[in-house]
Amino acid sequence: MTNMKATVSVRHRFGTHHGDVVDFNRFGVTISVRRPLPINKPLLLSLRHPESRLDEVVGVAHHCRYSPNGIFRVGIRFRTNSPIQLDRDEVEHLLEMLERKIVESLGATTT
């Protein structure tokens, strides 16, 4: 999934991490970033896809693995049920819609 980007900020810390989305579904995302992300700490994600944008989705990193090419691969599970998630129902709906758009665009390129 080369056309989707992510921006991640760690709650209560300055700065952001920018990366490429490697895998996505409505429950979580795998991204590649240049710096490691902390495990089990609240994260705020913004996801940019050519057809849509989704901001301030709460998530938690479950693994962060260093690869030989100098990039960290991070698996993040969305936590839309978190008390810090704003507009939970809307965010869940938008994640589902984004997943559907991606599936449709992948289907269009393979036929």
Side-chain angles (χ1 to χ4, degrees):
M1 182 172 308
T2 59
N3 58 352
M4 190 171 187
K5 303 289 184 188
T7 302
V8 182
S9 60
V10 180
R11 191 162 183 239
H12 302 301
R13 292 193 187 173
F14 293 109
T16 56
H17 300 258
H18 301 278
D20 295 318
V21 173
V22 177
D23 192 18
F24 170 86
N25 65 49
R26 66 181 167 215
F27 303 109
V29 65
T30 300
I31 62 173
S32 59
V33 291
R34 293 183 180 175
R35 296 176 290 148
L37 290 171
I39 304 300
N40 295 323
K41 299 287 184 194
L43 307 171
L44 292 174
L45 292 94
S46 291
L47 302 168
R48 293 181 318 281
H49 187 263
E51 298 176 15
S52 56
R53 180 184 176 106
L54 187 53
D55 291 315
E56 296 189 4
V57 180
V58 176
V60 174
H62 284 272
H63 71 268
C64 182
R65 296 189 177 106
Y66 181 75
S67 63
N69 62 356
I71 299 294
F72 291 87
R73 189 175 170 120
V74 184
I76 299 170
R77 188 171 297 159
F78 299 132
R79 295 287 189 220
T80 55
N81 61 346
S82 168
I84 62 173
Q85 178 65 65
L86 301 176
D87 301 322
R88 290 182 192 138
D89 292 337
E90 181 181 355
V91 168
E92 288 175 358
H93 175 71
L94 292 172
L95 285 168
E96 186 176 340
M97 286 180 54
L98 181 56
E99 180 183 53
R100 192 174 305 129
K101 283 182 184 178
I102 291 168
V103 167
E104 289 170 0
S105 70
L106 290 174
T109 60
T110 59
T111 58

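Quick caveat, the model's predicted, so the values are computed rather than measured.
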- In Å and rounded to the nearest 0.5 Å, what is the NE2 to CZ distance from H62 to R77? 4.0 Å

- Query: Closest approach of H18 and V33, non-hydrogen atoms and distance?
  - Reply: O-CG1, 3.9 Å

- Query: Is the closest side-chain heavy-atom distance between L95 and F78 below 4.5 Å?
  - Reply: yes

- For residues S52 and K101, determine if any side-chain heavy atom of one lies less than 4.5 Å from a side-chain heavy atom of the other. yes

- Take L44 and V8, measure what side chain to side chain contact (heavy atoms under 4.5 Å, CB included) needs, and give me the verdict at the end. CA-CA 6 Å; L44 292 174; V8 182; over 6 Å; no

- Can you tell me how far the OG1 atom of T7 sits from the CG atom of D55, to the nearest 0.5 Å? 8.5 Å

- Should the pair R100-E96 be classified as a salt bridge under the 4.0 Å nitrogen-to-oxygen rule? yes

- Message: Within the 4.5 Å heavy-atom criterion, are L37 and V10 side-chain neighbours or not?
- Response: yes

- Query: Considering only heavy atoms from C-beta outward, does the side chain of I76 approach that of L45 to under 4.5 Å?
  - Reply: yes

- Considering residues, nucleotides and ligands other than R48, do more than 12 of their heavy atoms fall under 6.0 Å from its CZ? yes

- Query: Does some side-chain heavy atom of F24 sit less than 4.5 Å from a side-chain heavy atom of M4?
  - Reply: yes

- Message: Could you check whether any side-chain heavy atom of R53 comes within less than 4.5 Å of a side-chain heavy atom of L47, counting everything from C-beta outward?
- Response: no

- Query: Would you say the side chain of R73 lies within less than 4.5 Å of the side chain of T30, judging by non-hydrogen atoms?
  - Reply: yes

- Donor-acceptor pair, side chain of N25 and main chain of G28, under 3.5 angstrom: yes

- Task: Looking only at non-hydrogen atoms, find the nearest pair between V29 and I31 and report the distance.
- Result: CG2-CG2, 3.9 Å

- Message: A side-chain contact here means heavy atoms from C-beta on lying under 4.5 Å apart; do P42 and V60 qualify?
- Response: no

- Query: Going from CG on D23 to OG on S32, what distance comes out if it is rounded to the nearest 0.5 angstrom?
  - Reply: 12.0 Å

- Message: Using 0.5 Å steps for rounding, measure from the OG1 atom of T80 to the CG atom of L86.
- Response: 12.0 Å

- Message: As an exercise, state the distance from NE2 of H49 to CG of L98, rounded to the nearest 0.5 Å.
- Response: 6.5 Å

- Message: Could you report the tightest heavy-atom contact between C64 and V74, atom names first, then the distance?
- Response: SG-CG2, 3.7 Å

- Task: For residues A61 and P38, report the shortest heavy-atom separation together with the two atoms involved.
- Result: CB-O, 3.4 Å

- To the nearest 0.5 Å, how far apart are NE2 in H93 and CZ in R26? 12.0 Å

- Query: Are I102 and V91 grouped together when hydrophobic residues (ILVMFWY) are joined by side-chain heavy atoms under 4.5 angstrom apart?
  - Reply: yes

- Query: Quick check: does any side chain N or O of Q85 sit under 3.5 Å from a backbone N or O of E56, one acting as donor and the other as acceptor?
  - Reply: yes

- Polar side-chain atom of R35 near backbone of T16 as donor-acceptor pair, under 3.5 Å: yes

